[in-house]
S.K.: 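Following this message is one structure expressed as structure tokens.
For reference, positions follow the sequence shown, starting with 1. When a ligand or atom number is given, it counts from 1 through the structure's own listing order.
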Amino acid sequence: MKIIIDSPEKIAAIAAERYVTLLNKKPNAVLGLATGSTPLGLYAKLAELYNEKKISFDKVTSFNLDEYVGLDGNHDQSYRYFMNTNLFDKVNIRKNATFVPSGLGDVDANAKNYEEMIAAAGGIDLQLLGLGQNGHIGFNEPGTPLDSLTHKIELTANTREANARFFASLSDVPTHAISMGIKTVMNAKSIILIALGENKADAVAKSVNGKIDTMVPASVLQLHPDVTFYLDEAAASKL
Ligand code: F6R
């Protein structure tokens, strides 16, 4: 596991360079993408690099980590909407090659189908992760089995409260999500985790230095051969 500590601005720039390098080498790479506040700086940087003609997404396929159950892609808190507005609409990615798991209809069938689509695309080359305050990755809450594939999950009170800031009230936050599993994430060839801010410091310390424990899902990343944590000073303060 590699660890890079810098300012949030530099982290966005350094992480963006990973994409420039990857897409130069493999223009049709398969990207695993994340939502939340953490990747916003990176996505802004990628859009900037695209405008400067330093990166092209025209052959990229992408798979997002997760989506809320019950929200369609036009809902402004759906992760599909987030991805369209914060990245996909700003670069030259083919919209029909961007996939976000669907939380509508038969979610279990959607989950199985999602795994098959990832496999058919050749697997994920570079998976981006944020980190929950409770150590979750994707929506894999503490206790999620290490061999989990894409599945429906009940969100913890902690996660719903953390995400309530994006909704009118806590009761509007969906109770369930569909998420890539821990095994899906671990199957990616390379992994980038970005964590910013003091409120991530405990989870970072447990994930990096703690024992591998399903109660801290990100701790399993210690077992991956190619994972880099990009941290600001605050998130790294308990290492
Ligand atoms: C989002 C996701 C979540 C977030 C995590 C951190 O697709 O999978 O695991 O990465 O909840 O969220 P922020 O970045 O808002 O602190």
Side-chain angles (χ1 to χ4, degrees), residues 8 11-12 15 31-45 62-69 71 73 75-88 98-103 111 114 118 124 126-144 148-167 173-186 188 191-204 206-207 214-221 227-232 234-236:
I11 290 296
L31 304 181
L33 298 174
T35 59
S37 47
T38 307
L40 286 173
L42 168 63
Y43 291 160
K45 194 73 199 168
S62 72
F63 289 92
N64 262 79
L65 280 166
D66 44 18
E67 178 61 283
Y68 287 116
V69 165
L71 300 193
H75 189 289
D76 67 1
Q77 289 309 323
S78 74
Y79 287 174
R80 159 57 71 184
Y81 185 92
F82 176 101
M83 289 309 302
N84 286 349
T85 51
N86 289 300
L87 185 65
F88 299 154
T98 66
F99 299 99
V100 179
S102 170
Y114 204 63
I118 294 171
I124 292 170
L126 181 58
Q127 177 65 54
L128 174 65
L129 298 174
L131 179 66
Q133 291 174 38
N134 61 4
H136 75 215
I137 49 176
F139 269 133
N140 294 293
E141 301 288 12
T144 305
S148 53
L149 296 171
T150 302
H151 62 296
K152 183 176 173 182
I153 201 157
E154 182 171 5
L155 302 179
T156 62
N158 177 304
T159 296
R160 290 185 69 237
E161 278 157 26
N163 290 1
R165 66 192 191 278
F166 302 115
F167 290 83
V173 183
T175 56
H176 290 78
I178 175 171
S179 177
M180 281 185 196
I182 293 181
K183 190 170 178 194
T184 322
V185 169
M186 291 294 280
I191 299 175
I192 288 178
L193 182 146
I194 305 179
L196 307 172
E198 225 262 300
N199 61 349
K200 301 292 172 71
D202 277 325
V204 166
K206 284 184 190 153
S207 303
T214 56
M215 294 315 287
V216 184
S219 64
V220 75
L221 297 172
V227 50
T228 308
F229 275 46
Y230 294 84
L231 309 171
D232 67 359

S.K.: Checking side chain to side chain contact (heavy atoms under 4.5 Å, CB included) against H151, which of N140, T184, I178 comes through?
M.R.: N140

S.K.: Any chance the rings of F63 and Y114 have centres within less than 6.0 Å?
M.R.: yes

S.K.: Could you tell me which atoms of ligand 1, counted from 1 in the order shown, lie closer than 4.0 angstrom to a heavy atom of G36?
M.R.: 14 (O), 15 (O)

S.K.: At a 4.0 Å threshold, what atoms of ligand 1 neighbour a non-hydrogen atom of L65?
M.R.: 8 (O)

S.K.: Looking at atom 10 (O) of ligand 1, what's its closest protein heavy atom, distance included?
M.R.: G130 CA, 3.3 Å

S.K.: Using a strict cut-off of 4.0 Å, indicate which atoms of ligand 1 neighbour a heavy atom of T38.
M.R.: 13 (P), 14 (O), 16 (O)

S.K.: Does even one non-hydrogen atom of R165 get within less than 4.0 Å of ligand 1?
M.R.: yes

S.K.: Is ligand 1 less than 4.0 angstrom away from at least one heavy atom of K200?
M.R.: yes

S.K.: Counting distance only, does the side-chain N/O of E67 pair as donor-acceptor with the main-chain N or O of R80 below 3.5 Å?
M.R.: yes

S.K.: Can you label the angle between the F139 ring and the Y79 ring as parallel, tilted or perpendicular, going by 30° and 60°?
M.R.: parallel

S.K.: Once you measure the plane-to-plane angle for F167 and H75, does it fall in the parallel (<30°), tilted (30-60°) or perpendicular (>60°) bin?
M.R.: tilted

S.K.: Identify the two heavy atoms, one from M186 and one from I191, that lie closest to each other, and give their separation to 0.1 Å.
M.R.: CA-CD1, 4.5 Å

S.K.: So which heavy atom in the protein is nearest atom 6 (C) of ligand 1, and how far is it from that ligand atom?
M.R.: L131 O, 3.5 Å

S.K.: Does G135 offer a backbone N or O that forms a donor-acceptor pair with the side chain of K206 under 3.5 Å?
M.R.: no

S.K.: How far is atom 11 (O) of ligand 1 from its nearest protein heavy atom, and which residue and atom is that?
M.R.: H136 NE2, 2.7 Å

S.K.: Would you tell me which option among A195, G138, P217 has the nearest heavy-atom contact to atom 3 (C) of ligand 1?
M.R.: G138

S.K.: Specify side chain, backbone, both or neither for N163, according to which of its non-hydrogen atoms lie closer than 4.0 Å to ligand 1.
M.R.: neither

S.K.: Quick one: does S148's side chain have a donor or acceptor within less than 3.5 Å of a partner on I182's backbone?
M.R.: yes

S.K.: Going by the closest heavy atom to atom 15 (O) of ligand 1, which one wins out of S37, A162, G135?
M.R.: S37

S.K.: Could you work out, for atom 7 (O) of ligand 1, the closest of N140, T159, D66 by heavy-atom distance?
M.R.: D66

S.K.: Of the protein's non-hydrogen atoms, which lies at the shortest distance from atom 1 (C) of ligand 1, and what is that distance?
M.R.: T35 OG1, 3.2 Å

S.K.: Which atom pair, heavy atoms only, marks the closest approach of L129 to A34?
M.R.: CA-CB, 4.4 Å

